[in-house]
There are 2 protein chains.
Amino acid sequence: MKLSISEENHIKAIYHLQSSMERVGTKDLAARLKTKPASVTDMMKRLKIKRLIDYKPYYGFKLSAEGKRVALTIVRRHRLWEYFLVEKLQFDWDEVHELAEELEHVRSPLLIERLDTYLNRPKFDPHGDPIPDREGNFSQEDAVPLTILKANQKGKVSRITKNNKEVIDLIMLKHIRKGSRIEIKRIFTIDGSIELKVDNKYVEHISPLLAQNILIEHENGKK
Amino acid sequence: MKLSISEENHIKAIYHLQSSMERVGTKDLAARLKTKPASVTDMMKRLKIKRLIDYKPYYGFKLSAEGKRVALTIVRRHRLWEYFLVEKLQFDWDEVHELAEELEHVRSPLLIERLDTYLNRPKFDPHGDPIPDREGNFSQEDAVPLTILKANQKGKVSRITKNNKEVIDLIMLKHIRKGSRIEIKRIFTIDGSIELKVDNKYVEHISPLLAQNILIEHENGKK
DNA sequence: TTAATAATTTAGACAAACCTAATAATTATT
DNA sequence: AATAATTATTAGGTTTGTCTAAATTATTAA
Ligand SMILES: [Mn+2]
Ligand SMILES: [Mn+2]
Ligand SMILES: [Mn+2]
Ligand SMILES: [Mn+2]
């Protein structure tokens with residue numbers, strides 16, 4: 001099925017909103033896409049015809065199985081490009097979203113496959129969000145980067161990604177090591193830096209880059 | 001000025017057609033873009049309003065100075081992406097055009113600048129076509145890859161790009177060396193291989209990859 | 001130099017993707 | 001339960017980019 005860029009953007013937005021609400025409403029989707037409720041209704045009718053959503057007028061919508069599959073391929077493309085931009089083109093992690101928002105619409109399974117291989121099949125994007133694989137599955141690793149935790153969440157350090165000397169020195173300095181109990185205090189959106197409490201003892205402030213290299217034992221179950 | 005994807009495609013197509021005709025006609029442009037003459041006329045009216053072309057009804061059109069500037073940035077994006085796809089993602093040189101046709105429309109000067117840097121500022125794309133720089137200038141080097149020559153054109157070998165042993169062995173085998181006089185006999189579009197006469201003596205058949213590494217002294221003057 | 005042919009433009013339609021304003025349905029509040 | 005507030009849909013438009021068919025202009029050939 002060939003989808004337009006706008007259709008893809010709508011599908012992806014529904015996917016994201018669904019994680020925090022059972023059915024998505026017209027107003028919320030319009031707000032997220034910076035469009036108007038009337039326009040969303042138009043689009044929902046079309047997506048319903050294409051069987052990508054379950055749409056009950058006045059009662060919101062949710063992705064169909066096929067819609068979810070499509071959403072995951074778009075998310076995959078988006079996050080792989082973000083990873084590429086940061087890892088290869090030296091962009092900062094907070095500069096890449098808008099570009100990925102466009103690059104994600106180049107639909108070529110072969111391109112994405114090659115890009116994935118080239119990047120060494122990364123499991124998380126520069127913001128710490130997981131990158132779905134070709135089949136739409138997320139990493140089964142129970143270790144996730146510290147960056148995906150939100151304020152007030154807790155976790156235990158399971159391992160450090162890079163065995164780079166500087167990284168090691170830094171985490172030592174911050175009293176972090178394998179097994180440390182971490183509690184996120186605050187996330188500064190300006191630079192993505194994180195204030196956290198280590199082993200209920202030390203209050204530390206670390207960069208997002210360092211945080212990406214600290215893997216936390218994943219709480220299996222609902223997110 | 002913000003241009004749509006379709007507008008960009010039209011501008012670029014005019015640019016290419018202009019190299020073989022003074023003014024471009026409606027029918028030719030329609031054929032190249034796989035659209036209809038009536039649609040081209042519509043678009044030409046709009047591009048005229050945006051002052052990107054000089055359009056005289058019934059007498060064809062040509063790019064304005066500004067139009068040419070725009071065309072060159074699109075060509076630059078196209079060719080840089082092609083280079084990326086071949087050099088980094090292991091695509092074959094004959095598989096990349098369609099993908100670049102889409103990637104070229106991600107308009108971000110910063111992205112293209114970083115990509116260029118990352119790729120080490122290549123001067124020619126995988127087909128041997130020159131990549132314009134940020135200012136729209138082509139390489140001033142008087143050496144161009146053998147691949148940009150057309151059938152029946154002649155040239156003198158100025159140098160070999162890679163000092164790789166295999167490349168050296170191959171060009172020796174084909175009787176090619178610095179100073180050799182080359183005459184292109186035929187280009188096989190299936191694989192891009194080239195039949196040529198060396199020093200008016202040996203008829204040889206070489207791969208496009210090898211041809212890319214053979215630099216020819218450029219005939220300065222009109223193209 | 002006129003008639004035939006080819007190229008181009010115009011007229012009129014249509015789908016996609018938006019919009020505003022008006023109307024209707026749902027949900028929350030007294 | 002009635003009313004108010006919120007949310008969603010419909011009606012009717014607009015712009016972009018395409019199309020087909022008809023009319024017009026330019027070019028070529030008789
Ligand atoms: Mn997008
Ligand atoms: Mn991201
Ligand atoms: Mn190309
Ligand atoms: Mn294109």
Side-chain angles (χ1 to χ4, degrees), chain A residues 1-14 17-18 20-63 67 70-71 74 101-102 104-107, chain B residues 1-14 17-18 20-63 67 70-71 74 101-102 104-107:
Chain A
M1 185 167 3
K2 235 181 61 198
L3 299 179
S4 71
I5 289 177
S6 184
E7 285 172 326
E8 285 197 342
N9 284 335
H10 280 78
I11 293 281
K12 189 169 62 121
I14 296 170
L17 289 173
Q18 264 185 20
S20 61
M21 48 180 88
E22 183 55 21
R23 295 186 78 87
V24 179
T26 308
K27 196 183 118 87
D28 299 298
L29 188 50
R32 185 174 234 267
L33 291 172
K34 293 185 165 96
T35 172
K36 295 284 138 66
S39 309
V40 167
T41 301
D42 278 358
M43 182 59 88
M44 293 308 104
K45 286 177 186 167
R46 259 174 285 152
L47 293 182
K48 187 195 177 143
I49 289 167
K50 297 196 175 186
R51 308 184 160 286
L52 294 171
I53 58 169
D54 161 33
Y55 171 42
K56 262 217 284 254
Y58 292 105
Y59 291 91
F61 25 82
K62 61 197 291 197
L63 295 177
V70 170
I74 305 166
E101 202 57 53
E102 301 204 26
E104 70 188 355
H105 302 294
V106 177
R107 301 164 210 73
Chain B
M1 186 168 2
K2 233 180 61 198
L3 299 179
S4 71
I5 289 177
S6 183
E7 286 171 326
E8 286 197 342
N9 284 334
H10 280 78
I11 293 281
K12 189 170 62 122
I14 296 170
L17 289 174
Q18 264 185 17
S20 61
M21 48 180 90
E22 182 55 24
R23 295 185 79 87
V24 178
T26 310
K27 197 181 120 87
D28 299 299
L29 188 50
R32 185 172 233 269
L33 292 171
K34 291 183 165 97
T35 174
K36 294 285 138 64
S39 308
V40 167
T41 301
D42 280 356
M43 184 59 87
M44 292 310 102
K45 286 177 186 165
R46 261 174 281 152
L47 293 183
K48 186 192 177 144
I49 290 167
K50 297 196 175 185
R51 307 184 160 285
L52 294 170
I53 58 169
D54 161 32
Y55 171 44
K56 262 219 283 261
Y58 292 103
Y59 291 91
F61 25 84
K62 61 196 290 198
L63 295 177
V70 170
I74 305 166
E101 202 56 53
E102 300 204 28
E104 71 187 356
H105 302 294
V106 177
R107 301 165 211 72

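Numbered from 1 within each chain, the chains take letters A, B, ... in sequence-line order.
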Whole angstroms only, please: what is the [atom1]-[atom2] distance between [X] and [N]?
X       : N      : atom1 : atom2 : value
A:Leu33 : C:dC19 : CG    : C1'   : 15 Å
B:Leu3  : D:dT16 : CG    : C1'   : 14 Å
A:Lys27 : C:dA24 : NZ    : C1'   : 18 Å
A:Asp42 : D:dT9  : CG    : P     : 10 Å
A:Lys2  : C:dA15 : NZ    : P     : 17 Å
A:Ile5  : C:dA17 : CD1   : P     : 10 Å
A:Ile49 : C:dA15 : CD1   : P     : 12 Å
B:Leu29 : C:dT9  : CG    : C1'   : 15 Å

[X] vs [N]: side-chain N/O to OP1/OP2 distance below 4.0 Å:
X       : N      : answer
A:Lys36 : C:dT20 : yes
B:Ser39 : D:dG17 : no
B:Tyr55 : C:dT8  : no
A:Tyr58 : C:dT23 : no
A:Thr41 : D:dT10 : no
B:Arg46 : D:dT16 : no
A:Thr35 : C:dA17 : no

Applying a 4.0 Å non-hydrogen cut-off, can you work out what [X] is touching in the nucleic acid: base, sugar-phosphate, or nothing?
X       : value
B:Pro37 : base
A:Lys56 : nothing
A:Ser6  : sugar-phosphate
B:Phe61 : nothing

Whom does C:dT30 pair with, Watson-Crick or G-U wobble, provided both distances fall under 3.5 Å?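 Partner of C:dT30: D:dA1.
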Does some side-chain heavy atom of [Y] sit less than 4.5 Å from a side-chain heavy atom of [X]?
X       : Y       : answer
A:Met43 : A:Thr35 : no
A:Thr41 : A:Tyr55 : yes
A:Val40 : A:Lys27 : no

To the side chain of [X], which of [options] is closest?
X       : options               : value
B:Tyr59 : D:dT9, C:dC18, D:dT27 : D:dT27
B:Glu7  : C:dA7, D:dG17, D:dT20 : D:dG17
A:Thr26 : D:dA8, D:dA11, C:dC18 : D:dA8

Within this structure, what is the [atom1]-[atom2] distance for the pair [X] and [Y], rounded to the nearest 0.5 Å?
X       : Y       : atom1 : atom2 : result
A:Thr26 : A:Asp42 : OG1   : CG    : 11.0 Å
A:Leu29 : A:Gln18 : CG    : CD    : 10.5 Å
B:Met44 : B:Asp54 : CE    : CG    : 12.0 Å

